[in-house]
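First up is the structure itself, then whatever we jot down about it.
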Amino acid sequence: MTSSVAVDPWAPTLEAVLAGLSAAAVGAGVPADPALLGAALNVDGGPEGDLAFAVHRFAKGAGRAPPEVAEAFAAHFVPIPEIASVRAKGAYVNFTADPTRLARSTLELVFARGDRYGHGEATSEPACVEHTSANPTGPFHIGRVRNAIIGDTFARALRASGAPVTTQYYVDDMGRQAAMITWIWSKPRAEWPEPVRRAVEGEEVPGEKPDRHRGRPYPALSAYLKEHPEAQEEVARLVHRIESGDAPPEHRELSESILAGMLASLARLKIGFDELVWESDFLRNGSVERVLERLRSTPHSVREENGAWAIDASGHGLPKESTRIVVQRGNGTSLYVTRDVAYHLSKFARFARVLDVLGQDHQLHARTLDVLLEEIGETRRPTYLIYQDITVPEGGRMSTRGGSAVWLDHLLEEAVSRARGEVVARREDLAEEAVDAIAEAVATGAVRYHIVRVAPEKPVVFRWEDALSFEGRSGPFVQYSYARASSVLRKGGADRPPYPFDAARLSHPEEAALVRVIARLPRTVAYVARSAHVQALAGYAHDLADQFNRFYHAVPVLRSEAERASRIALVAAVRQTLGNSLDLLGLARLETM
RNA sequence: GGGCGCGUAGCCUAGCUUGGAUAGGGCACCGGGUUCCUAACCCGGCGGUCGAGGGUUCAAAUCCCUCCGCGCCCGCCA
């Protein structure tokens, strides 16, 4: 609860009420620890007001009946301008904010802060959010994209909360998977294993994206290698070559072109990265070797018979079967987790907070990483944001091999086509390019919102009809509400500030309710940055759009008389706040739909 | 077997971090609303043993324990 007057319309009211309660406790003769007062004050009100104060614990401490104590608190609460009414009811003291005052301070703050309304005050603690980091071996399926959407949304919220945030995509160009891609593509097509060639030929489409094209052999190749040890051996030799700095010239180019195709898809979702961090860099600059030296010299290091190095991690609470962490293969090459240690040391050197967005299948990896960091005497740890998989209705995770994967590009294609139909059906007046732009924004907005609205720790079953919904709790609903607000302002000749208003005119219940939702954004942003509960941002945007639509249906804006200017200002504040919410969610602001 | 996560109306989901008054939404379904600022909307209705049991507490969807169901992981893969 460090929200400041400068960024949160509720802050002055909360501070004043808390101070008032503290004084009232003295007057009422009820012992009350000031710290506990805050905990008993329910900020989101309840059925009887804006703030609800639960007196039970203080009544108990004083040995008095709760309703009597509530009455005593209310009676001794010295009136303050922020609060219009104080009423005891049962074991609660209910406070109602002065609606005019709240409307005035909220709208003033929204207009003063503009695109920064909802944001916190700048802090100097740099943070790094690593997310997505999918291997550059083929196109994204929607399961992988959950990582990107959660990570990108969280990074936006963290940045808005005031922290300097750097986002990173860790590109694994060193492992066996990248080597497989190089192995196959460095051969002439005629020398490809028969099953791999068959799987690819006839499927390829001229001009297809590089991630699609270069990734095509991967599933069949993966299956082929399982059955062919001699081919596996070739790949292993290639891994060794790559790691010793003797990668075939096409190796990096393949990773880069596949990655470029993948990033192009994410860019449609407004997901980008401040930095691409290549795993190979940590080998080239010697930091992996330095990590290995430190690991080999710890008391728990073990030399295996074939020359491999491991760490005996018993006593770290790991599952019994994984107490031996191999950090270097018998053939001298490093492992993913070892390179990840080097990567994380580089992050700790630059950032005060290090956050990794990981699928739950990487949970054990995360714990292993923690153990290795401890082994080399590093005291800092990343904070892990773990999300659950997206599964398919038939059961099981999305699998490229099993053909159950839903490709992001395919999903977007479907979504755009459907969105296009919706636009054309209601807007005959629009030019082709305008229709295309709206369809793209609606489609990508629907997909992003559909993923972010669910808590990361919940498993998600992918269903086309849900992902393509443009109604109800959806991205397009929020975008539509923004477009509607824009339209009102346009027609009112008021699409630019200033927006003069008289807060006392905003007295309709739907107006008061709308002001309250607008005023909630700063708290919501702070909460998401603190908790990583990104779904709260989606819930907030829906609530605001929903209340705006109620207001819109309940009272006229442009056709009102005395209230016209004030209502226009309220709509302008809604538009700003909805716009900021869309920004936080990575959805496009649409001026018309 | 062990570790982690999940379980809220027919379906999806918020609330759980920080316990507080009749558990919020959405989809579907039923009934209404457009000579009027965008109906991708709004109003009303229907629908809940918050997986089960026990515990802590003045108070439990929320905290603790046990159990059940589902998912993931337990590689010299990443």
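Computed from a prediction, not measured in an experiment: that's the story for all the values here. Reminder, nothing fancy here: chain letters follow the sequence lines and each chain counts from 1.
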Rounded distance (Å) that lies between atom C1' of A40(B) and atom CD of Gln479(A): 10 Å
Base of A39(B) paired with side chain of Asn549(A) (donor-acceptor, under 3.5 Å): no
Tyr92(A) side chain, from C-beta outward: closest of C74(B), C6(B), G20(B): G20(B)
G20(B) base stacked by His56(A) (centroids within less than 5.5 Å, tilt under 30°): yes
Check against ring pair (Phe, Tyr, Trp, His ring centres under 6.0 Å), Phe73(A) and Phe53(A): CA-CA 10 Å; Phe73(A) 264 106; Phe53(A) 178 66; 5.1 Å; yes
Residue closer to the 5' end of RNA chain B, Val239(A) versus Ser474(A) (nearest nucleotide): Ser474(A)
Tyr387(A) OH - C73(B) P separation (whole Å): 12 Å
Candidate nucleotides C76(B), A40(B), C4(B), ranked by approach to the side chain of Ala308(A) - the nearest: C76(B)
Pairing nucleotide - A60(B), Watson-Crick or G-U, each distance under 3.5 Å: none
Nearest-nucleotide comparison on RNA chain B, the residue closer to the 5′ end among Ser334(A) and Glu422(A): Glu422(A)
Sugar-phosphate, base or nothing in reach of Gly175(A), heavy atoms under 4.0 Å: sugar-phosphate
Among G33(B), G5(B), C37(B), the nucleotide that comes nearest once only the side chain of Pro556(A) is considered: C37(B)
Arg367(A) vs C73(B): side-chain N/O to OP1/OP2 distance below 4.0 Å: no
C16(B) pairs with, by Watson-Crick or G-U criteria that keep both distances under 3.5 Å: none
C1' atoms of C68(B) and U49(B), separation to the nearest Å: 16 Å
Any N/O donor-acceptor pair, Gln360(A) side-chain to G71(B) base, under 3.5 Å: yes
Mate of A39(B) where both pairing distances stay under 3.5 Å, Watson-Crick or G-U: none
Touch class at under 4.0 angstrom, heavy-atom based, for Arg176(A) against every strand present: base
Aromatic ring pairing Tyr170(A)/Phe282(A), orientation class (parallel under 30°, perpendicular over 60°, tilted between): tilted
Test item: side-chain donor near acceptor, Ser314(A) and Asp312(A), under 3.5 Å: yes
Of the listed nucleotides C41(B), U38(B), A14(B), the one nearest the side chain of Thr592(A): U38(B)
side-chain N/O Tyr527(A) vs C16(B) OP1/OP2, d < 4.0 Å: yes
Distance, rounded to the nearest Å, where Leu544(A) contributes CG and G25(B) contributes P: 16 Å
Any donor-acceptor N or O pair under 3.5 Å, side chains Asn549(A), Arg484(A): yes
Nearest-nucleotide pick for Arg473(A), side chain only, options being C36(B), C76(B), U13(B): U13(B)
Nearest-neighbour nucleotide for the Ala52(A) side chain, U13(B), G71(B), A21(B) considered: A21(B)
Out of A40(B), C37(B), U17(B), whichever nucleotide has its closest atom nearest the side chain of Arg530(A): U17(B)
Listed nucleotide nearest any side-chain atom of Ser487(A), set A40(B), U38(B), G20(B): U38(B)
Same-atom distance (C1') from U62(B) to U56(B), integer angstrom: 14 Å
P atoms of G20(B) and C64(B), separation to the nearest Å: 15 Å
Base-pairing assignment for G71(B) (Watson-Crick or G-U wobble, both under 3.5 Å): C4(B)
Interatomic distance where OH belongs to Tyr482(A) and P belongs to C41(B) [whole Å]: 19 Å
Pairwise C1' distance for C16(B) and U38(B), with rounding to whole Å: 39 Å
Selected nucleotide, minimal atom distance to Asp389(A) side chain, candidates A40(B), C72(B), U38(B): C72(B)
C37(B) OP1/OP2 closer than 4.0 Å to side-chain N/O of Arg564(A): no
Distance-only polar pair, side chains of Ser560(A) and Arg564(A), donor-acceptor under 3.5 Å: no
Pairwise C1' distance, C67(B) and G24(B) [rounded to whole Å]: 30 Å
Protein-nucleotide distance (Glu233(A), atom CD; C76(B), atom C1'), rounded to Å: 13 Å
Nearest-Å distance once atom C1' is located in both G7(B) and G15(B): 15 Å
Side chain of Lys458(A) (C-beta onward), nearest among U13(B), C76(B), C43(B): U13(B)
Spacing of Asp361(A) atom CG relative to G75(B) atom P, expressed in whole Å: 14 Å
C46(B) and C30(B), which share atom name C1', separated by this distance in whole Å: 7 Å
Mutual orientation of the aromatic rings belonging to Phe548(A) and Tyr552(A) [parallel < 30°, tilted 30-60°, perpendicular > 60°]: tilted
Integer angstrom distance from the C1' of G25(B) to that of G48(B): 14 Å
Distance-only donor-acceptor test (3.5 Å): side chain Asp466(A), base C11(B): no
Atom-to-atom span, CZ of Arg324(A) to P of C74(B) - whole angstrom: 15 Å
Partner nucleotide, any strand, of G47(B) [Watson-Crick/G-U, under 3.5 Å]: none
Donor-acceptor pair between Glu394(A) and Ser404(A) side chains, under 3.5 angstrom: no
Distance-only polar pair, side chains of Arg575(A) and Ser486(A), donor-acceptor under 3.5 Å: yes
Interatomic distance where CG belongs to Leu430(A) and P belongs to A40(B) [whole Å]: 13 Å
Aro-ring/base stack Phe477(A)-A40(B), d under 5.5 Å, angle under 30°: no
Pair Phe470(A) + Phe477(A): ring centers closer than 6.0 Å: no
G15(B) OP1/OP2 closer than 4.0 Å to side-chain N/O of Gln535(A): yes
Distance-only donor-acceptor test, Arg57(A) side-chain atoms vs U57(B) base atoms, 3.5 Å: no
Watson-Crick/G-U partner (both atom distances under 3.5 Å) of G53(B): C65(B)
OP1 or OP2 of C73(B) under 4.0 Å from side-chain N/O of Arg397(A): yes
